[in-house]
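Chain identifiers are assigned alphabetically (A, B, ...) following the order of the sequence lines, protein sequences preceding nucleic acid strands; residue numbering begins at 1 within each chain. Just the heavy atoms: all of them, side chains too, but no hydrogens, waters or symmetry mates, feed the values below.
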Amino acid sequence: MDTGPLYLEPRLAPRLASLLGSAAFLHTLVDALGSPLNVLVPDQMAENAEGFRAVYRRHRLGGQVFFAHKANRSRSLVRRLTTAEAAVDVASVGELQHALGAGFTADRVLATGPKDPAFLWLAARSGATVNADGPGELDSLAGLVRRHDLPRPKVLLRLSEFETSGPRMLSRRSRFGTSVKALEPLLDLLERHRAFVDPIGVAYHLDTTSPDEKAIALEGCLRAMDDLRLRGFQPRVVDIGGGFGVSYLAHAAQWDRYTSELAAAVLGRRPPLTWGGHGYGLHAEGGTLRGALSLYPAHRPVAGAGYLDALLSQPAPTLGRSLGTLLLESLYDLYTEPGRALADQCGLSLARVVEVRRTDAGPALVRLAMNAGDVALEDHGILMDPVLVPRGLPGSGAGEAVGVHLMGNLCLEVDLVTRRTVFLPRLPRPGDLLGFANTAGYCMDFSATYAQQQSVARKVAVRQSEGGAWHWCLDEEYWPVDAYGPITDSGGRG
Amino acid sequence: MRYDSITEAIGNTPLVRIDPAVHGLRHIDLYAKLEMLNPFGSVKDRAAWNMARSRLPGARERGEAIVELSSGNTAKALAVIAGMHGLSFKSVTNRMRIPEVKDLLLLLGAEIEELPGRSECLDPTDTEDPLTLFHQRLNESGSAHLHTDQYFNALNTEAHESGTGPEIVADLDGRAPDWFVACVGTAGSSTGVARALRAHDPAVRVIGLVGEKSDFIPGIRNVDEVHEVGLFDPATYETIESVGADDAIDGMLTLVRRCGILAGPTGGAAYHGTVRHLRPVDAQLRERRTAVFIVCDRVESYLGYVKQRRPELLSRPPARNSVSALTGDEVRAAQVIEVADAQKWIAAERPLVIDLRSSFAYAALHIDGSVNIVDELFDEVVRGGLPFGKRQPVLLACPVGEQSARYAALLTRMGHPDVRSLAGGIIAWRDAGAPLVRD
C-alpha cells in the first residue's frame with residue numbers, strides 16, 4: 001500500500017502558472033466580485049488555435065479550425081478568437097448570435113447540433129455553413145431557403161455508422177448523423193434540393209478517444225465524398241469534428257499511482273480514497289475488480305493538436321496511405337471542431353474557503369463558497385487537485401500534507417465538489433482560495449445553476465502585460481483591442 | 001512421433017537450459033519452458049483445448065459458435081480448434097493491438113469484433129466494463145454459443161495444473177524448481193503451474209510479472225488490469241513485479257539472438273523479469289538452485305510491434321537513387337513550372353504527365369492525359385534507373401509541388417535532361433481554374 005499523499009497536480013502552462021502565483025491579484029478579484037469566480041485567459045486561446053494551425057501546415061492542409069462554442073459561454077474567448085486564424089462552431093441560435101456579434105463573419109461560422117427553425121433561418125440568412133444532421137434537417141433548411149428566398153447555404157452532411165471490412169469495429173451508438181448505409185437516399189434528397197442548398201462536403205464526430213475508430217470514419221468520409229462527386233456535386237471539405245482531448249495532469253506517474261491505489265481501495269486492500277468509498281465505476285466481486293473506471297483519462301501523452309497530428313499521420317484502414325496525405329491529394333480542406341482542446345489552459349475557477357472542520361476520523365471537511373455545478377469536474381470525471389492560493393503572506397502557511405473532502409455550498413448531501421479525497425500541501429484556512437485550473441472546457445458554466453439562489457460565478461478576462469503584471473476586466477467588457485494601452489498608430493506623422 | 005490429431009501434439013514441450021554465459025547467474029540453473037512449441041504456437045493451446053474439448057460435440061449438435069474475449073493467442077488456438085470441428089469462432093476484444101495477429105485470425109476464418117474506445121465526453125453513469133458488454137452482446141444476439149470464458153474458467157488453470165506443472169517436475173528429475181516465473185495474462189498458466197509445483201514442494205517461490213501502465217506488452221496485463229481477472233489471486237505469487245515494453249524487447253533479443261529461442265516479447269519479458277529478480281539473490285547463494293520461466297509464444301507476429309518501438313532494430317541501408325539522399329540544394333535547383341506555363345508546355349510538347357498521388361485521389365480528379373504512378377511505386381521504379389527515355393520530357397505532379405520537386409531533382413541527378421515539377425501541385429492547378437477530369 002502506498003501511504004504518501006496521492007497528489008494529482010494540474011498541468012499548468014506558463015500563463016496559468018503565473019496567474020496562480022499571483023495570490024494578491026486573485027484575492028482582490030474574489031474580494032470584489034465574489035466566490036465562485038471564473039477567470040479566463042483569452043490570449044491562451046489564440047495560442048492554442050495556432051497550435052492546431054501548425055498541424056495543418058505540417059500536413060500542408062487547408063481548411064478551418066472551429067472552436068466548439070458550447071465548451072464555454074465566455075464572451076472574451078470568442079472575441080479573442082476572431083483575431084486568430086480560427087473560426088467558431090455554434091450549437092444554438094444564441095451561440096450563433098453571439099458569434100456574429102463578436103465579429104465573426106459568416107464564412108467563419110459553422111452551425112451544428114440539433115437545430116430549431118430560428119437557428120436554421122439565422123444560419124441561412126447570415127450565410128453560415130450548416131452541418132446537417134439528416135434528411136429532416138435538410139428538408140427544413142431547403143424549405144426555409146425556398147419560402148424566404150434566402151441565399152443558398154453551404155451544407156455539410158453529418159454521417160455516422162461507418163463500416164469496416166475485416167475486423168468489425170464496434171462504436172457507441174450516436175443520436176446524431178445519418179448512417180452511411182442511408183447515404184444514397186440522402187443524396188437523392190440533396191439532388192431534389194440542389195437549387196436551395198450547396199453541399200460542400202461531409203462530416204463526422206465520434207465520441208471516443210480511439211484514433212482507430214476515427215480513422216475508419218475519416219476513410220468512410222473520403223468514400224462518401226466520391227459518392228457526392230458521382231452525383232455531380234463538387235465537395236471540397238471533410239469535417240472530422242472534435243474529441244482531441246486534453247491532458248489535465250502534470251505527471252503521468254501520479255495518475256498511474258492514483259488509479260492503482262483506487263483499485264486497491266475498491267478491493268478493500270487499503271482505506272478508501274473517496275467520500276463514502278465511492279469507486280468511480282469500479283466495484284469488487286469475489287476479490288475480482290468489476291465495472292469500468294468512469295473517469296476522464298486525466299493524463300494523456302497525446303492530446304489536443306498532437307492528437308490531430310497523430311490521427312492525420314495514421315494510415316487509412318483500407319486505402320493504406322496516411323489520412324492526412326489522402327485528404328491532401330484528394331484536394332480536400334480539413335475542418336476540425338475542437339472544444340475542450342482549444343480551451344485548454346484558458347481558464348481557472350476560484351472558490352473561497354469558508355469553513356474547515358476537522359473530523360475525529362478521516363479527512364477534514366473543507367467547505368467552499370462554490371458548489372459542484374460551478375466547477376463540473378466531477379460530472380466529467382476529471383480528477384485534479386485544486387491549487388491553494390493563500391490569503392496570508394507567502395510562507396506563513398507552512399504545514400503538513402493533508403487529505404480533505406471538498407464540500408459545496410448547497411444544503412444537499414451530495415453537493416461535494418469532488419468525491420475524491422483531495423491531498424493538499426497543508427490544511428487550508430478560511431479566507432484562502434482554492435484555484436481549480438483548466439476549467440474553461442466544459443467545466444465552467446456548462447452545468448452551473450441558480451439552485452438555492454446561490455450566486456453563479458462572474459467571469460473576468462485577464463491579460464498579462466509584457467512586464468508580467470496581470471490586468472483584468474469583466475468578461476463581457478473584453479474586446480481584443482488595447483483601448484487604454486499606448487496608441488502606436490502615429491497617424492502618419494511618425 | 002505419430003499422432004491421429006494435431007491436438008494430441010499439445011503439451012509435452014521442451015524445457016531448455018539457458019547458457020549461464022548469457023544470463024550470468026553463477027549459482028542458478030535457468031530453464032525456459034518452451035510453450036511456443038505448442039502446435040498452434042503458444043501456451044494458450046493447452047487452455048483453449050482443455051476448455052473446449054468436452055463441449056465440442058454438444059456445440060456441434062446445437063450449431064453453436066465458439067466465442068471468447070481474446071486479443072491474441074487464445075483466439076488463435078480457438079479459431080483453429082473451431083475450424084477443425086466444423087464450428088465458427090468469434091473473438092470480441094478491446095485489446096487487439098497486434099495487426100499481424102488480427103490478419104492471422106481472419107485467415108483462420110475467425111470473426112473479430114472490436115469494442116469501442118473510451119468516451120471523450122464522459123458519461124459518468126456508463127460504468128459497464130468490456131466483460132459485461134461482451135456478456136450482454138452474447139445474450140442479446142439470441143444465437144447459440146459456446147463461451148470458453150478464459151478469464152474465469154477453472155479448466156484454464158487445470159490445463160496447467162495437470163500438464164505444464166507436472167512436465168516441469170518430470171524434466172527436473174522429479175524436483176520442483178526453486179523459482180517459477182510467469183507473465184500474468186489470464187493467470188491460468190501461472191496459477192496452474194504454481195499449484196502443481198507447490199503440491200510437490202511447498203517452498204517453491206512464484207514470481208508474477210505484469211506490464212507497466214505506460215505501455216503494453218502483448219499477452220500481459222498491467223498492474224491494474226490483473227485485478228479484473230477472475231482466475232487471478234494475489235496470494236498465488238510471492239511478489240508481483242512489473243516489466244516495461246523496452247525490457248521485454250531487450251529480453252526477446254537475448255533469447256532470439258543468443259539462445260536460439262525465437263520467443264515473442266512476452267517470453268522476452270519473462271526472461272528479463274526472471275534474471276532481474278534473481279541477480280541479487282544469486283549473489284548471496286552458496287549452493288545450486290533452479291529456476292524456470294515460460295516462453296509463451298513466437299517472435300514472428302511481433303515485427304510491427306518491434307518496428308514501432310525500436311525501428312533501428314529493423315532498419316535497412318539507404319537505397320541507391322533515393323530522394324532521401326538528395327541535398328537541399330539539389331531539391332531547390334529542381335526545374336519547376338508554373339501552372340499557366342505548364343498548360344502551354346503540355347499543349348506544345350506533350351510531356352509525359354505523371355501524377356504521384358494515390359489511385360484513390362487520382363480516380364476522383366486528375367489532369368487530362370496524365371499517368372498515375374503512386375509515389376511509393378515510383379520510388380521503387382526509379383531505384384533501378386530511369387523509367388523512361390531521356391528524349392521524353394516529363395512533368396511530375398503531386399498535391400502541393402514538394403514531393404514532385406524532390407523526384408524531379410532525383411531524375412535530374414540520374415541524368416534526365418528535361419523533367420519539371422508542377423509548381424504548387426494539383427492544388428495550385430485547381431485553384432488556377434485549370435481543368436481536372438474524371439475518366
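- Between A:T288 and B:H227 there is no side-chain heavy-atom pair separated by less than 4.5 Å.
- Looking at A:L206, there are no atoms closer than 4.5 Å to chain B (heavy atoms on both sides), in backbone or side chain.
- Residue with the most contacts toward chain B among A:A253, A:G245, A:A252, A:S210: A:G245 (heavy-atom pairs, distance under 4.5 Å).
- Taking B:E114 as the reference, B:K102 meet the salt bridge (charged side-chain N to carboxylate O under 4.0 Å, His left out) condition, with sequence neighbours excluded.
- The side-chain heavy atoms of A:L289 and B:E225, taken from C-beta on, include no pair separated by under 4.5 Å.
- For A:T325, no part lies near chain B; criterion is any non-hydrogen pair under 4.5 Å.
- Around CD of A:Q234, the count of heavy atoms belonging to other residues, nucleotides or ligands within 6.0 Å does not exceed 12.
- Heavy atoms of B:E402 lying under 4.5 Å from chain A belong exclusively to its side chain.
- The part of A:L319 that comes within reach of chain B is its side chain, from C-beta onward, which places non-hydrogen atoms under 4.5 angstrom from that chain.
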I'd like a table of donor-acceptor pairs (distance under 3.5 Å, sequence neighbours excluded) in which one partner is a side-chain atom from residues 354-364 of chain B, with atom names and distances.
from   : atom 1 : to     : atom 2 : distance (Å)
B:D355 : OD1    : B:R357 : N      : 3.0
B:D355 : OD1    : B:R357 : NE     : 3.0
B:D355 : OD2    : B:R357 : NE     : 3.2
B:D355 : OD2    : B:R357 : NH2    : 2.9
B:R357 : NH1    : A:E329 : O      : 2.5
B:R357 : NH2    : B:L365 : O      : 2.6
B:S358 : OG     : A:E329 : OE2    : 2.5
B:S358 : OG     : B:A361 : N      : 3.3
B:Y362 : OH     : B:S370 : O      : 2.6

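- Only the side chain of A:L267 comes within less than 4.5 Å of a heavy atom of chain B; its backbone N, CA, C and O stay farther away.
- Within residues 428-439 of chain B, the residues having any heavy atom less than 4.5 Å from a heavy atom of chain A are, in residue-number order, B:R430, B:L436, B:R438.
- Atom CD1 of B:I427 sits about 7.5 Å away from atom CG of A:L61, to the nearest 0.5 Å.
- When heavy atoms are compared at a cutoff of 4.5 Å, B:V226 does not approach chain A at all.
- Scanning for side-chain contact (heavy atoms from CB on, under 4.5 Å) contacts around A:A264 gives A:R269, A:R270, with sequence neighbours left out.
- For the atom pair CG of A:D256 and CD of B:E212, the computed distance is 9.5 Å after rounding to the nearest 0.5 Å.
- For the set A:P297, A:S330, A:S260, A:A284, the entry with the most heavy-atom pairs within less than 4.5 Å of chain B is A:S260.
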